[in-house]
Amino acid sequence: MKQSNNFSLNVVEIIKKIPSGKVTTYGTVALLAGSPRAAREVGYLLHSLTEKHNLPWQRVINKKGYISIRGGDINLKNMQKLLLEKEGVEVSEDFMVDLEKYGWFGDSSRKT
DNA sequence: AACATGACGGACA
DNA sequence: GTGTCCGCCATGT
């Protein structure tokens, strides 16, 4: 862990700036963090934070508006769904979120 | 210092 | 429009 680099700090800062009822993508966070192609690192970094911090990592999803989570933390995804729904975000059974409606930044510009 | 891995993204088939 | 492969950047070993 040790987010010594400015990048990690930027990601955390940005995530903390995400308003409730909104969601964003790794790509956007990475872009704002200073590395538009480092989307992987955003999620990778979040996986280190999870509930250990008070970061709304739940609002950060992939470009498809879907929670990837390769690890298999299905409970994490389920928790995520509930959290987003409580914030006013519609989440499908497949953990799909409408980025065109709930996209925080420019996420609404693109979709499948 | 180098290699391998990873909550992704975009391009190509 | 869907599926698959390659690539980018940072972290961990």
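Below, chain A is the first sequence line, B the second, and so on; all start at residue 1.
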Inset, instruction - Taking ring-ring contact (aromatic ring centres under 6.0 Å, His included) as the test, write out the residues that go with A:Tyr66, two or more places apart. - result: none

Legend entry - From A:Met96 atom CE to A:Ile61 atom CD1, the distance as rounded to the nearest 0.5 Å: 9.5 Å

Inset, instruction - Any chance you could measure A:Phe105, atom CZ, to A:Leu31, atom CG, to the nearest 0.5 Å? - result: 7.0 Å

Inset, instruction - To the nearest Å, give me how far apart CD (A:Gln80) and C1' (B:dA7) are. - result: 10 Å

Inset, instruction - Rounded off to whole Å, could you give me the CZ-to-P distance for the A:Arg40 and C:dC9 pair? - result: 12 Å

Inset, instruction - For the side chain of A:Tyr44, starting at C-beta, report the closest nucleotide among B:dA7, C:dG12, C:dC8. - result: C:dG12

Legend entry - d(CG, A:Leu45; P, C:dC8) in whole Å: 21 Å

Legend entry - Residues in contact with DNA chain C, drawn from residues 23-39 of chain A - heavy-atom cutoff 4.0 Å: A:Ser35, A:Arg37, A:Ala38

Legend entry - Rounded distance in Å - CD1 (A:Ile61) to C1' (B:dC8): 12 Å

Legend entry - d(CZ, A:Phe95; C1', B:dA7) in whole Å: 13 Å

Inset, instruction - Give the intermediate values and the outcome of side chain to side chain contact (heavy atoms under 4.5 Å, CB included) for residues A:Val60 and A:Val23. - result: CA-CA 6 Å; A:Val60 186; A:Val23 293; over 6 Å; no

Inset, instruction - Identify which nucleotide among C:dA10, B:dG9, B:dA7 has an atom closest to any side-chain atom of A:Ser8, counting heavy atoms from C-beta outward. - result: C:dA10

Inset, instruction - Report the distance from atom CG of A:Leu99 to atom C1' of B:dG9, rounded to the nearest whole Å. - result: 13 Å

Inset, instruction - Please state how far atom CG in A:Asp107 lies from atom P in B:dG9, giving the value in whole angstrom units. - result: 10 Å

Inset, instruction - If a pair satisfies side-chain hydrogen bond (donor to acceptor under 3.5 Å, both in side chains) and one of its residues is in residues 21-34 of chain A, list it, with sequence neighbours excluded. - result: A:Thr24-A:Asp107, A:Thr25-A:Thr28, A:Thr25-A:Asp107, A:Thr28-A:Asp107

Inset, instruction - Would you mind telling me which of B:dA7, C:dA10, B:dG9 lies closest to the side-chain atoms of A:Lys63? - result: B:dG9

Legend entry - Rounded distance in Å - OH (A:Tyr66) to P (C:dT2): 15 Å

Legend entry - Gap between atom CG of A:Asn6 and atom CD of A:Glu13 - 0.5 Å precision: 9.5 Å

